[in-house]
Undergrad: 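Mind looking over this structure? Questions follow.
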Amino acid sequence: MKIHFVFDNIHGCAHSYRAGVKSNDDIREVTCKSCKKFILKRGLKSRDEIPVDELGRPHFKAKREWSDGQLSFIVKCPICGEEHYHGGGRDPENIDQMLGERLSHCSCWDAYVLE
């Protein structure tokens, strides 16, 4: 029996929605070809592949985006593949002070560090 990828409400293929299918949120265990393509396309990683600091927080390089004078930091979670937006303020002089620990917007982490 194939093992499909399911993580929270993210499904790797149409078959993973069916009741009774075998699924796993650990991408190393997935055997379904469609689910594997989904994982590769989104660039997902297993939790073991992501380095964390001594407090168990991963560090992510944040993309910076200005809109209407407001800075946003955008990070893509490597486990679920979702993009998360964090406010960065309006002062371009203090951008580096706005980086650091942030609460996670997904259930993959409690918190992470923006760099």
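Please read all numbers here as calculations on a predicted model, not as lab measurements.
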Undergrad: Can you find a pair of side-chain heavy atoms, one from Val6 and one from Tyr17, that are under 4.5 Å apart?
TA: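 Contact flag for Val6/Tyr17 side chains = no.
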
Undergrad: Could you work out, with salt bridge (charged side-chain N to carboxylate O under 4.0 Å, His left out) as the rule, every residue matching Arg90, not counting sequence neighbours?
TA: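 Testing Arg90 for salt bridge (charged side-chain N to carboxylate O under 4.0 Å, His left out), a comparison that skips the adjacent residues, returns none.
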
Undergrad: Quick check: closest heavy atoms across Cys77 and Leu44, and the distance to 0.1 Å?
TA: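 Here Cys77 and Leu44 meet closest at O-CD2, 4.5 Å.
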
Undergrad: Tell me every residue that passes ring pair (Phe, Tyr, Trp, His ring centres under 6.0 Å) with His105, counting only those two or more places apart in sequence or in another chain.
TA: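 Ring pair (Phe, Tyr, Trp, His ring centres under 6.0 Å) list for His105, sorted by chain: His84, His86.
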
Undergrad: Please name all residues satisfying side-chain hydrogen bond (donor to acceptor under 3.5 Å, both in side chains) with Ser72, sequence neighbours left out, ordered by chain then number.
TA: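 Scan of Ser72 (side-chain hydrogen bond (donor to acceptor under 3.5 Å, both in side chains), adjacent residues dropped) gives none.
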
Undergrad: Would you name the heavy atoms of His4 and Cys13 that are closest together and state the gap between them?
TA: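 So the two residues come closest at ND1-SG, 3.3 Å.
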
Undergrad: Tell me yes or no: between the side chains of His11 and Ser16, is some donor less than 3.5 Å from an acceptor?
TA: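 Looking only at side-chain atoms, Ser16 and His11 do form a donor-acceptor pair, the distance falling under 3.5 Å.
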
Undergrad: My understanding is that only residues two or more places apart in sequence, or in another chain, count here; which of them pass side chain to side chain contact (heavy atoms under 4.5 Å, CB included) with Arg64?
TA: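 Once residues adjacent in sequence are excluded, the partners of Arg64 under the side chain to side chain contact (heavy atoms under 4.5 Å, CB included) criterion are Leu71, Phe73, Ile95, Asp96, Leu99.
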
Undergrad: Do Phe60 and Val52 land in one hydrophobic cluster if side-chain heavy atoms of ILVMFWY residues count as linked below 4.5 Å?
TA: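 Yes.
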
Undergrad: Report whether Met98 and Tyr112 are members of the same hydrophobic cluster (ILVMFWY, side-chain heavy atoms less than 4.5 Å apart, transitive linking).
TA: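 Yes, it is one cluster - the side chains of Met98 and Tyr112 are joined through contacts under 4.5 Å.
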
Undergrad: For Glu65, give me all partners under side-chain hydrogen bond (donor to acceptor under 3.5 Å, both in side chains), at least two apart in sequence or on another chain.
TA: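 side-chain hydrogen bond (donor to acceptor under 3.5 Å, both in side chains) check on Glu65 returns nothing, list empty.
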
Undergrad: Restricting to salt bridge (charged side-chain N to carboxylate O under 4.0 Å, His left out), what partner residues turn up for Arg18, sequence neighbours left out?
TA: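 So Arg18 forms no salt bridge (charged side-chain N to carboxylate O under 4.0 Å, His left out) with any residue.
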
Undergrad: If every non-hydrogen atom of Cys108 is compared with every non-hydrogen atom of Phe7, which pair is closest and at what distance?
TA: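 Nearest heavy atoms, Cys108 then Phe7: SG-CE2, 3.2 Å.
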
Undergrad: Extract all donor-acceptor atom pairs below 3.5 Å that involve side chains of residues 30-40 and protein atoms in other chains or at least two apart in sequence.
TA:
{"from": "Thr31", "atom 1": "OG1", "to": "Ile3", "atom 2": "N", "distance (Å)": "2.7"}

Undergrad: Would you call Leu114 and Val75 a side-chain contact if the rule is heavy atoms closer than 4.5 Å?
TA: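 Sidechains of Val75 and Leu114: in contact.
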
Undergrad: Which pairs pass salt bridge (charged side-chain N to carboxylate O under 4.0 Å, His left out) with one or both residues in residues 97-115, sequence neighbours excluded?
TA: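 The answer is Arg57-Glu101.
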
Undergrad: For Asp48, what residues pass the salt bridge (charged side-chain N to carboxylate O under 4.0 Å, His left out) criterion, not counting sequence neighbours?
TA: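 Once residues adjacent in sequence are excluded, the partners of Asp48 under the salt bridge (charged side-chain N to carboxylate O under 4.0 Å, His left out) criterion are Arg28.
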
Undergrad: Kindly write out the residues that satisfy side chain to side chain contact (heavy atoms under 4.5 Å, CB included) with Glu49, not counting sequence neighbours, or none if the list is empty.
TA: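 Applying side chain to side chain contact (heavy atoms under 4.5 Å, CB included) to Glu49 gives Ile27, Lys45, Ser46.
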
Undergrad: If you link ILVMFWY side chains whenever their heavy atoms are less than 4.5 Å apart, which other residues fall into the same cluster as Tyr85? By chain and number, please.
TA: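 For the cluster that includes Tyr85, the remaining residues are Ile74.
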
Undergrad: Could I get the full list of salt bridge (charged side-chain N to carboxylate O under 4.0 Å, His left out) partners for Arg42, not counting sequence neighbours?
TA: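 Salt bridge (charged side-chain N to carboxylate O under 4.0 Å, His left out) list for Arg42, sorted by chain: Glu82.
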
Undergrad: Distance-only, no hydrogens or angles: does the Ser104 side chain make a donor-acceptor pair with backbone N or O of Trp109 under 3.5 Å?
TA: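 It does hold such a pair.
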
Undergrad: Treating Asp53 as the side-chain partner and Leu55 as the backbone partner, does any N or O pair qualify as donor plus acceptor under 3.5 Å?
TA: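 Confirmed, Asp53 side chain pairs with Leu55 backbone.
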
